[in-house]
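First the structure, in the form of structure tokens, and then the observations on it.
We number each residue from 1, following the sequence as shown.
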Amino acid sequence: QVQLVESGGGLVQAGGSLRLSCAASGIISSVNAMGWYRQAPGKERELVAEFTSGGSTNYADSVKGRFAISRDNAKHTVSLTMFKLTPEDTAVYYCNAAAVIAGSNHRFWGQGTQVSVSS
């Protein structure tokens, strides 16, 4: 199993910045992709940014140029730095890890961290 713990959410004014971090533990060697998703009230969970299994990055169009995903392989962490936040970025942000364990694909989720952007 893989455990994910997020931190760094909070309340910020529009135009501000926040940095989210996700620490992974457990069967780290099985993880082949990590990223961030978010879910706003009444909406489906959506991809925000990720490191793919090939090592490249992928961003939602709505955050391109404003958000940056980074990782520290030595510390098994992935972070999301968010700039120029807008009220539309308000959501619960979830860290996600894709792993292959015993030949099967698994997805693991953190508990989520709330990001609220006031206008």
Query raised in the report: With sequence neighbours excluded, what pairs up with Glu44 under the side chain to side chain contact (heavy atoms under 4.5 Å, CB included) test?
Result: none
Query raised in the report: How would you list, by chain and number, every residue that makes a side chain to side chain contact (heavy atoms under 4.5 Å, CB included) with Lys75, sequence neighbours excluded?
Result: Asp72, Thr77
Query raised in the report: Side chains of Met82 and Asp89: does their closest heavy-atom pair fall under 4.5 Å?
Result: no
Only pairs at least two apart or in different chains count here, so list each ring pair (Phe, Tyr, Trp, His ring centres under 6.0 Å) that has a residue in [range].
range: residues 5-33; answer: none
range: residues 1-32; answer: none
range: residues 14-72; answer: Tyr37-Trp109

If I compare all heavy atoms of [X] with all of [Y], which pair ends up nearest, and what's the gap?
X: Val2; Y: Ile27; answer: CG2-O, 3.7 Å
X: Gln114; Y: Ser116; answer: NE2-OG, 3.3 Å
X: Ile69; Y: Gly35; answer: CD1-CA, 4.1 Å
X: Gly9; Y: Val115; answer: CA-CG2, 4.3 Å

Report summary line: Across all chains, not counting sequence neighbours, the ring-ring contact (aromatic ring centres under 6.0 Å, His included) partners of Tyr94 are none
Report task. Just jot down the side chain to side chain donor-acceptor pair (under 3.5 Å) partners of Ser119, sequence neighbours excluded, or say none. Result -> none
Report task. Can you sort out the partners of Asn96 under side chain to side chain donor-acceptor pair (under 3.5 Å), two or more places apart, ordered by chain and number? Result -> Arg107
Query raised in the report: side-chain contact (heavy atoms from CB on, under 4.5 Å) between Val31 and Ser29: does it pass, once the steps are laid out?
Result: CA-CA 6 Å; Val31 174; Ser29 58; over 6 Å; no
Interatomic distance, [X] atom [atom1] to [Y] atom [atom2] [nearest 0.5 angstrom]:
X: Lys43; Y: Arg38; atom1: NZ; atom2: CZ; value: 8.0 Å
X: Gln1; Y: Ser25; atom1: CD; atom2: OG; value: 11.0 Å
X: Arg66; Y: Phe83; atom1: CZ; atom2: CZ; value: 11.5 Å
X: Asn73; Y: Met34; atom1: CG; atom2: CE; value: 10.0 Å

Query raised in the report: Counting only N and O atoms by type, is there a donor-acceptor contact under 3.5 Å from the side chain of Thr90 to the main-chain atoms of Val117?
Result: yes
Query raised in the report: Rest of the hydrophobic cluster containing Ile28 (Ile/Leu/Val/Met/Phe/Trp/Tyr, side-chain heavy atoms under 4.5 Å)?
Result: none
Report task. Each residue besides Val5 in its hydrophobic cluster should be listed here, by chain and number; the cluster joins Ile, Leu, Val, Met, Phe, Trp and Tyr at side-chain heavy-atom distances under 4.5 Å. Result -> none
Query - Listed partners of Glu88 passing salt bridge (charged side-chain N to carboxylate O under 4.0 Å, His left out), at least two apart - result: none
For residues 12-22, run the donor-acceptor check on the side chains, cut-off 3.5 Å, and write out each pair with its distance to 0.1 Å, sequence neighbours left out.
from, atom 1, to, atom 2, distance (Å)
Arg19, NH1, Thr81, OG1, 2.9
Arg19, NH2, Ser79, OG, 3.4
Ser21, OG, Ser79, OG, 3.3

